[in-house]
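Take a look at the structure below.
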Amino acid sequence: MEASDPIKKSAKNTCKATLAELLQRYADILWDEGKHKYNVKAFVGELDEILLGKRFSVFSQEMLDGLIGALRKRGNSNATINRKMAALRKLLRKAYKMGDVHNLPEFKRQKEKAGRLRFLEADEEELLFREIASRSELYLYLSIFLVDTGARLGEAIALKWNDIHEGRATFWVTKSGRSRTVPLTLRAKDALKKCADRAPGPFSRIDQQKYRAVWNAAKVDARLGDEEDVVPHILRHTCASRLVRGGIDLRRVQMWLGHQTLEMTMRYAHLASHDLDMCVPVLERHLK
């Protein structure tokens, strides 16, 4: 009697599924409710459409390359393709661990063009925050906290009072899934004190869409209405830019922002050009 091969047995028992079915099976496990999960569903839905609802238990390299080619033909930028592939990779890895898929293709990040990085100057922040304050003091305190901590909007809203201790805030609900702790500025501490009567956290139950609506109205009156890049996430960019321009090394900025790789933080490297000033005297020594 032949000994059974566990690998062959597993492969035979693997039922074929579509991307849409795998998403329905694991979306609630892999992604929290919110805008990102909504986008993921749209991404995977598009990929399933390109595959014509194909059922599979093996996701081949050929299938992956075909998806990337199809997205490129649809006019997707490399940055957009990377976001869609990140969602697909996470879903397939889960399916692989659960035995729904018994091989994974190799995912390679597409090279992205460096886009213009917009951040607020001090006078722009002052004018914008003044307009936000005229509409909602709570939203002003949230804006101050965002720009002085570099937190993402969802991270700040998820913050609980127990996460704030000895002048530091710990963000547990993060994009990377890894917690991080940052010290608070005096201005950020003051903003939190103004929200002391809110529970279970300073910015709990704030509706992101309502905040964005107030933001958009305020930015128009702050004469920033024509700039598409002036969205709440610009406060995170502004925090990072101030750290780099102030001489903080990129490794510390990476830790502050919670970037998984230094490559993500390198977007701000050009702002540290003053660090090169020390090179000039060294070169000039040879001219004396």
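Note that these values count all heavy atoms, side chains included, but never hydrogens, waters or copies made by symmetry.
Between E21 and R55 a salt bridge is recorded (basic side-chain N to carboxylate O distance below 4.0 Å). At a threshold of 4.0 Å, the pair K37-D28 counts as salt-bridged, since one of the basic side-chain nitrogens sits closer than that to a carboxylate oxygen. By the 4.0 Å N-to-carboxylate-O rule, D148 lies too far from K189 to be salt-bridged with it. The pair R118-E227 meets the salt-bridge criterion, with a side-chain N (NZ, NE, NH1 or NH2) lying under 4.0 Å from an Asp/Glu carboxylate O. Comment: E49 engages R74 in a salt bridge, judged by a side-chain N to carboxylate O separation of less than 4.0 angstrom. The existence of a salt bridge linking E125 and R242 is confirmed by a sub-4.0 Å separation between a basic side-chain nitrogen and an acidic carboxylate oxygen. With respect to the salt-bridge test (charged N to carboxylate O, under 4.0 angstrom), the residues R245 and E121 qualify. No salt bridge links E131 with K219; every basic N to acidic carboxylate O contact stays at or beyond 4.0 Å.
For the atom pair OH of Y141 and OG of S136, the computed distance is 9.0 Å after rounding to the nearest 0.5 Å. Separating the CZ atom in F107 from the CD atom in Q61 is a distance of 8.0 Å, to the nearest 0.5 Å. Remark: K73 NZ to I50 CD1 distance equals 11.0 Å, nearest 0.5 Å. For the atom pair L67 CG and M63 CE, the distance stands at 7.0 Å (nearest 0.5 Å). Taking CG of N82 as the start and CZ of R109 as the end, the distance is 4.5 Å to the nearest 0.5 Å. Note that CG of L271 is 7.0 Å distant from CG of L117, once rounded to the nearest 0.5 Å.
A donor-acceptor pair is defined here as one N or O able to donate and one able to accept, closer than 3.5 Å; no such pair exists between the side chain of D221 and the backbone of A218. Judged by distance alone, the side chain of T80 and the main-chain N or O of N76 form no donor-acceptor pair under 3.5 Å. For the pair K94 (side chain) and Y26 (backbone), a donor-acceptor distance under 3.5 Å is absent. Between the side chain of D229 and the backbone N or O of I234 there is no donor-acceptor pair closer than 3.5 Å. Formation of a donor-acceptor pair under 3.5 Å by the W256 side chain with backbone atoms of T149 is found in this model. Listed for the N216 side chain is a donor-acceptor partner under 3.5 Å among the backbone atoms of R212.
The environment of CE in M264 is crowded: more than 12 heavy-atom neighbours from other residues, nucleotides or ligands sit within 6.0 Å. A 6.0 Å sphere centred on CG of D226 holds no more than 12 heavy atoms belonging to other residues, nucleotides or ligands. The number of heavy-atom neighbours closer than 6.0 Å to CZ of R252, taken from other residues, nucleotides and ligands shown, is 12 or below. For CD of Q24, the number of neighbouring non-hydrogen atoms (other residues, nucleotides, ligands) closer than 6.0 Å is 12 at most. Residue-environment remark: CG (D207) exceeds the threshold of 12 foreign heavy atoms within 6.0 Å. Counting heavy-atom neighbours within 6.0 Å of R267 CZ, excluding the residue itself, gives a total above 12. Counting non-hydrogen atoms of neighbouring residues, nucleotides and ligands closer than 6.0 angstrom, the CH2 atom of W172 reaches no more than 12 such neighbours. For E137, the CD atom sits in a loose shell: 12 or fewer heavy atoms of surrounding residues, nucleotides or ligands are nearer than 6.0 Å.
Between the side chains of Q260 and R178, not a single donor N or O lies within less than 3.5 Å of an accepting N or O. For K111 and N78, the side-chain atoms include no donor-acceptor pair closer than 3.5 Å. In this model, a donor atom of one side chain and an acceptor atom of the other lie less than 3.5 Å apart for Y211 and S143.
A 4.5 Å side-chain heavy-atom check between W31 and H36 finds at least one atom pair inside the cut-off. Contact of the V101 side chain with the L22 side chain is registered, since non-hydrogen atoms from C-beta on lie closer than 4.5 Å. N39 is not listed as a side-chain neighbour of R83, based on a closest heavy-atom distance of 4.5 Å or more. When side chains are defined from C-beta on, P105 does not count as touching D65, because their heavy atoms never get closer than 4.5 Å. Residues K41 and L23 are in side-chain contact: their nearest non-hydrogen atoms beyond the backbone lie under 4.5 Å apart.
Put simply, the residue from L235, T238, V147 that forms a side chain to side chain contact (heavy atoms under 4.5 Å, CB included) with F119 is T238.
When all heavy atoms of A151 and L146 are compared, the pair lying nearest together is O-CD2, 3.4 Å. The two residues S57 and K16 make their nearest non-hydrogen contact at N-CG, 3.9 Å. A pairwise comparison of heavy atoms in W161 and A196 identifies CZ2-CA, 3.7 Å as the closest pair. Among all heavy-atom pairs drawn from P200 and S204, the shortest one is CD-OG, 3.4 Å. For the pair L140 and I132, the tightest heavy-atom approach, listed with the atom from each and the gap, is N-CG2, 3.7 Å. What you find for R152 and H233 is that their closest heavy atoms are CG-CE1, 4.4 Å.
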Where do E46 and K84 land on the side chain to side chain contact (heavy atoms under 4.5 Å, CB included) test, with the steps shown first?
-> CA-CA 9 Å; E46 181 183 10; K84 293 178 180 180; 2.6 Å; yes
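By the 30° and 60° cut-offs, the orientation of the rings of F145 relative to F171 is perpendicular.
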